[in-house]
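Taking it in order: structure first as structure tokens, then the write-up.
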Amino acid sequence: MKIEAITGSEAEAFHRMGSQASHRYDEFVDLLVGAGIADGQTVVDLCCGSGELEVILSSRFPSLNLVGVDLSEDMVRIAREYAAEQGKALEFRHGDAQLLAGMEDLAGKADLVVSRNAFHRLTRLPAAFATMLRLAKPGGAVLNCSFIHPSDFDESGFRAWITFLNQRPWDSEMQIVWALAHHYAPRLDDYREALAEAARETPVSEQRVWIDDQGYGVPTVKCFARRAAA
């Protein structure tokens with residue numbers, strides 16, 4: 001089922017939630033550090049939403065060349081406004097993670113291509129991973145953190161998911177949005193197969209798909225690959 005880009009009041013609600021809970025990005029930033037993020041690199045964030053990650057990364061790594069890309073023009077607008085409010089000169093573009101269109105100038109140039117909690121909204125998962133790998137330079141890495149379908153949880157993971165939904169400080173509308181995010185999320189094997197398919201087009205030197213919560217509060221799937229060196 002196709003899920004449209006986040007727009008209007010929903011986009012504003014996502015931004016309020018993200019900007020008020022910056023600690024929720026800590027585990028993902030730790031993953032980026034493990035993947036080798038460093039000042040001076042080029043980092044592309046697909047499905048960047050309202051730009052909270054970009055603001056956080058630019059504060060920690062002031063010399064990063066950051067580019068955020070999102071399908072929602074409302075999200076791109078909010079991200080630009082939010083970055084400006086935080087005193088950050090950051091680049092945000094309108095674009096589809098499943099297509100390279102609009103990002104051709106970045107192809108093969110990114111040290112790190114990332115995406116966080118968005119791939120459940122896509123209709124062509126292999127195409128999204130293909131875009132990530134095409135944007136990465138030889139030796140560059142891609143890292144995706146995403147929701148998984150509740151059927152992939154073990155008992156403890158399912159209990160953690162229910163607790164997560166019940167205890168987060170959000171209104172009922174956003175609680176439903178997050179529950180539906182898991183409902184529409186791919187299965188673990190879907191992520192594995194999609195990354196493997198993309199790697200057949202753009203060879204990788206390593207790839208890994210795993211599940212953990214790393215302090216986030218609910219299990220998520222992590223997908224990592226490193227583009228083969230030239």
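These values consider heavy atoms only, across backbone and side chains, with no hydrogens, waters or symmetry-generated copies.
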Atom [atom1] of residue position [X] - does it have more than 12 heavy atoms of other residues, nucleotides or ligands inside 6.0 Å?
| X | atom1 | answer |
| --- | --- | --- |
| Arg187 | CZ | yes |
| Phe158 | CZ | no |
| Glu104 | CD | yes |

Would you confirm whether [X], through its side chain, and [Y], through its main-chain N or O, come within 3.5 Å as a donor-acceptor pair?
| X | Y | answer |
| --- | --- | --- |
| His94 | Leu71 | yes |
| Asp152 | Ile148 | no |
| Gln98 | Thr123 | yes |
| Thr202 | Ala199 | no |
| Arg93 | Gly102 | yes |

Practice item. Using the ring of Tyr184 (Phe, Tyr or Trp, six-membered ring only), decide whether Arg121 places NZ or CZ under 6.0 Å from its centre and within 45 degrees of its axis. Key: no
Verify the cluster assignment for [X] and [Y]: are they in a single hydrophobic cluster under the rule of side-chain heavy atoms below 4.5 Å apart?
| X | Y | answer |
| --- | --- | --- |
| Leu112 | Leu57 | yes |
| Ile211 | Ile162 | yes |
| Leu31 | Leu66 | yes |
| Phe119 | Val44 | yes |

Check your understanding: Is Arg77 paired with Glu73 through a side-chain N to carboxylate O contact shorter than 4.0 Å?
Key -> no
Would you give the length of the straight line joining atom [atom1] of [X] to atom [atom2] of [Y], rounded to the nearest 0.5 angstrom?
| X | Y | atom1 | atom2 | value |
| --- | --- | --- | --- | --- |
| Arg208 | Arg192 | CZ | CZ | 11.0 Å |
| Arg159 | Glu155 | CZ | CD | 4.5 Å |
| His183 | His149 | NE2 | NE2 | 6.0 Å |
| Arg80 | Ser50 | CZ | OG | 13.5 Å |

Shortest non-hydrogen contact from [X] to [Y]?
| X | Y | result |
| --- | --- | --- |
| Thr42 | Lys109 | CB-O, 3.9 Å |
| Ala79 | Gly51 | CB-N, 3.8 Å |
| Pro203 | Glu201 | CD-O, 3.7 Å |
| Met75 | Asp70 | CB-OD1, 3.7 Å |
| Tyr191 | Phe147 | OH-O, 2.6 Å |
| Arg227 | Gly108 | NH1-CA, 4.1 Å |

[X] versus [Y]: any side-chain heavy-atom pair under 4.5 Å?
| X | Y | result |
| --- | --- | --- |
| Glu27 | Lys222 | yes |
| Ser58 | Leu90 | yes |
| Asn117 | Ser146 | no |
| Asn144 | Val114 | no |
| Leu53 | Asp45 | yes |
| Val209 | Leu195 | yes |
| Tyr25 | Glu52 | yes |
| Phe92 | Val67 | no |

Practice item. Indicate whether the side chain of Ser72 and that of Asp74 have a donor and an acceptor atom separated by less than 3.5 Å. Key: no
Review point. Ring centroid separation for Trp161 and Phe164, is it under 6.0 angstrom?
Key: no
Please report, to 0.1 Å, the donor-acceptor pairs under 3.5 Å made by any side chain of residues 124-142, with sequence neighbours excluded.
from   : atom 1 : to     : atom 2 : distance (Å)
Thr131 : OG1    : Ala97  : O      : 2.9
Thr131 : OG1    : Ala127 : O      : 3.1
Lys137 : NZ     : Asp111 : OD1    : 2.6

Practice item. Please identify each residue that fulfils ring pair (Phe, Tyr, Trp, His ring centres under 6.0 Å) with Tyr82, with sequence neighbours left out. Key: His15
When the side chains of residues 32-41 are checked against the rest of the protein, which donor-acceptor pairs come out under 3.5 Å, sequence neighbours left out?
from  : atom 1 : to    : atom 2 : distance (Å)
Asp39 : OD1    : Ser63 : N      : 2.8
Gln41 : OE1    : Ala38 : N      : 3.0
Gln41 : NE2    : Gly36 : O      : 3.1

Practice item. List the steps, then state whether side-chain contact (heavy atoms from CB on, under 4.5 Å) holds for Cys48 with Arg116. Key: CA-CA 8 Å; Cys48 67; Arg116 178 182 179 273; over 6 Å; no
